Every structure is written in C-alpha cells, then in structure tokens.
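Take a look at the structure set out below.
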Amino acid sequence: MAKSALLKSSIGKKYWMALTGLFLCLFLVGHLAGNLQLLFGTQLQFNEYALFMTTNPAVKILSYVTYISILFHAIDGILLTIQNKKARPIGYAKNNAGANSAWASRNMAVLGTLILIFIATHMVNFWAKMHFTTMPLQKITVEAQPGSTQDFYLTSGWGQDKFIPVQSVDGENIVIDGRDFYYTKPLKVKFAEGYKDLHTITIEFFKDPKWGLAFTIFYVFSMAVLAFHLLHGFNSAFQSLGANNPKYTPAIKVFGKGFAIIVPLLFAIIPLYIHFFK
C-alpha cells in the first residue's frame, strides 16, 4: 500500500482507529488502577501515585503517546464519518437501522464527541491544575502533646526531612517552589520534595457544596457514554485488524462486553462514593 493510502484510504483509517482505540483501552485500565486508590488507598498513596505519574520519564513518554492517540483517534473518527457520508450521500428508501446494527454503532461519532468534551473538562479540572497551578502540598497534623497539635508537610525527603514543620517554612530560610523545598542560606539548595495534594483537590471537587452533585452526575453520565462507545468500539477494533476467527471471536465479544461495562462502572463508582459517602 502506498504511504498516502495508509492514511487516506478507508481501510488505513480503520487500522489506525483500531490501534489507537486499543491503546487507549490499555490507558483506561492503568488510569483506573491509580484512581481506585481514592477508594481503597490512603491520601499519601494517591498523592504518591500522582507524583509518579507526573515525574517518571517513562510515564511522561507514555503520556505524550496517549495525548497523540486521543487526538488521532478523534480526528480519524471524524474523517471516517465524513468519508462514509460522501460514499452514501442519499439514504436508503427504506431504513430500518435498528434491525441491522446496534444503536452504539450508529452513533459512534456522537458518543466520541461527548467523550472528547468530557476529556477536555476533566483535564482542565485536574490535569491542568496538577501541572500548571500552585497546588497545596500534603500536610499531616500530629498531636505533640494532649490538647496540642502541630502541622507538618509530608515530603519525599530523607531522615529528619521526611516531616517539615509548617511554621519552619518562613519564606526566608526555607522556601517552597512548586513542590520543592529549598534552604536559602548560604545557597539555595533543594533538600526535599513535597506531594501536591491532588487527593484533597479531587475530594473537594466532588463534594463541593454548590456544584459537587452536578460534577458527579456529569462524570457518571460521561462514563455511561464511554460504556456505549466501548460496547461497539472494542469488538470493532479487532474486526478492523482482521481478527475474525470462529474460535476466538466469541471470546473477544464476551471480553469486550465485560470490559465496556466493568471499566466505566468502576470509574463511575469513584465520584459517587466520594460525594455521598467519603
């Protein structure tokens, strides 16, 4: 196949659609594993996960691959939809679509657009805050003696630097730059890293007195949309790659249906639990 055909032909687009879609399914599994710490982990474990995801070089590379895959998947889907409409500009005289195809398969473009809107809002509310704003660092409160407490920054430093008294960060001798702690005298020397408190930001987002319920409903609705998108997309990806075999296809369909239900359901449980029970 010519190089141009690999991207311009309908078959080429379907291959790329399938490959990027399956890669994004793997991303969903990894992202879900981290987010489930909001249910089963501690505040520190979730913030350690957030720190790892934003600083590890290998994860950073995978993140850029994920961003590119999302854009490519979306653009490829739009081009395929336009191409299919051009191929059949006039509809059938009798059209009973429900008898020939599933609802999700006929509305993949709409479902994909809704998911893209969700991704954009999700990144603004969490990803952008983590990367581009000055977030609060995780603190712990320790009872120094009965009736007296002291606040500490919890850091990934070493030895006595694991806990830094909040009052010791005076802006002169010890300063914070983003999540990094520095001694300023005689030289500015970094000695510890704090944890951006994404855990607290997430909890407060879904428990916001004014908008928390609306945010929760929107998130759950988006996961329902994702489930319908996956119900058709997962099996369609294997078909596009030519994985049609009487021996394996039934198992792929069963696995795909389970994946399309379980993964979005677990994602949806997280904000519901936070808003109503956390």
Side-chain angles (χ1 to χ4, degrees), residues 26-27 29-71 119-208 212 215 270 274 278:
L26 292 176
F27 162 76
V29 173
H31 193 45
L32 176 62
N35 283 8
L36 284 175
Q37 293 181 77
L38 289 164
L39 301 184
F40 305 110
T42 64
Q43 179 182 8
L44 176 59
Q45 287 172 330
F46 184 75
N47 287 335
E48 285 178 330
Y49 154 74
L51 178 64
F52 175 78
M53 294 298 289
T54 53
T55 57
N56 183 273
V59 173
K60 282 187 175 182
I61 293 173
L62 283 174
S63 296
Y64 290 124
V65 174
T66 301
Y67 306 148
I68 293 170
S69 295
I70 291 172
L71 291 173
I119 291 172
T121 58
H122 190 66
M123 292 186 74
V124 168
N125 290 315
F126 298 103
W127 180 87
K129 287 183 178 179
M130 189 70 182
H131 286 80
F132 304 116
T133 65
T134 302
M135 288 180 60
L137 302 183
Q138 182 176 346
K139 301 175 186 176
I140 60 170
T141 300
V142 177
E143 187 175 11
Q145 54 186 350
S148 175
T149 60
Q150 186 174 4
D151 291 333
F152 292 84
Y153 287 110
L154 185 59
T155 77
S156 58
W158 53 92
Q160 72 274 19
D161 298 327
K162 189 70 175 179
F163 302 96
I164 301 175
V166 172
Q167 64 269 25
S168 69
V169 183
D170 54 12
E172 295 182 2
N173 298 297
I174 298 179
V175 298
I176 300 175
D177 185 1
R179 60 182 176 82
D180 300 324
F181 290 80
Y182 290 90
Y183 291 121
T184 59
K185 298 176 181 179
L187 299 173
K188 187 176 181 181
V189 178
K190 176 181 172 181
F191 68 95
E193 292 181 347
Y195 295 99
K196 289 187 175 182
D197 198 358
L198 185 62
H199 183 277
T200 297
I201 295 294
T202 305
I203 301 300
E204 290 178 348
F205 180 81
F206 290 112
K207 292 189 73 69
D208 182 84
F215 293 152
I270 295 171
I274 291 173
K278 188 75 171 179

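Along the sequence shown, residues are numbered consecutively beginning with 1. If you're wondering where the values come from, they're calculated on a predicted model, not measured in any experiment.
At least one donor-acceptor pair under 3.5 Å links the side chain of Asn125 to the backbone N or O of Thr121. When atom types are taken as modelled, the side chain of Asn47 and the backbone of Leu51 share no donor-acceptor pair closer than 3.5 angstrom. Listed for the Lys196 side chain is no donor-acceptor partner under 3.5 Å among the backbone atoms of Ala50. In this structure, His131 contributes its side chain and Trp127 its backbone to a donor-acceptor pair below 3.5 Å.
For the side chain to side chain contact (heavy atoms under 4.5 Å, CB included) with Tyr182, the lone residue among Leu187, Val169, Val175 that qualifies is Val175. Looking at Arg179, Gln138, Lys139, Gln43 one by one, the single match for side chain to side chain donor-acceptor pair (under 3.5 Å) with Asp197 turns out to be Gln43.
In the model, Asn173 has no side-chain atom that pairs as donor or acceptor with a side-chain atom of Thr184 under 3.5 Å.
Within the 4.5 Å cutoff, side-chain heavy atoms of Leu137 are placed close to those of Phe181. Side-chain atoms of Gln167 and Gln150, non-hydrogen and from C-beta on, do get closer than 4.5 Å to each other.
Going from atom OG1 of Thr155 over to atom CZ of Phe191 covers 7.5 Å, rounded to the nearest 0.5 Å. Residue Tyr49 holds its OH atom at 6.5 Å from CZ of Phe46, rounded to the nearest 0.5 Å. One finds the CD1 atom of Ile274 at 11.5 Å from the CD atom of Glu204 (value rounded to the nearest 0.5 Å).
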Quick one: do Phe206 and Thr202 satisfy side chain to side chain contact (heavy atoms under 4.5 Å, CB included)? Show the steps, please.
CA-CA 7 Å; Phe206 290 112; Thr202 305; 4.0 Å; yes
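Between Phe163 and Phe152, the ring planes are perpendicular. Angles over 60° get that label, and only those under 30° would be called parallel.
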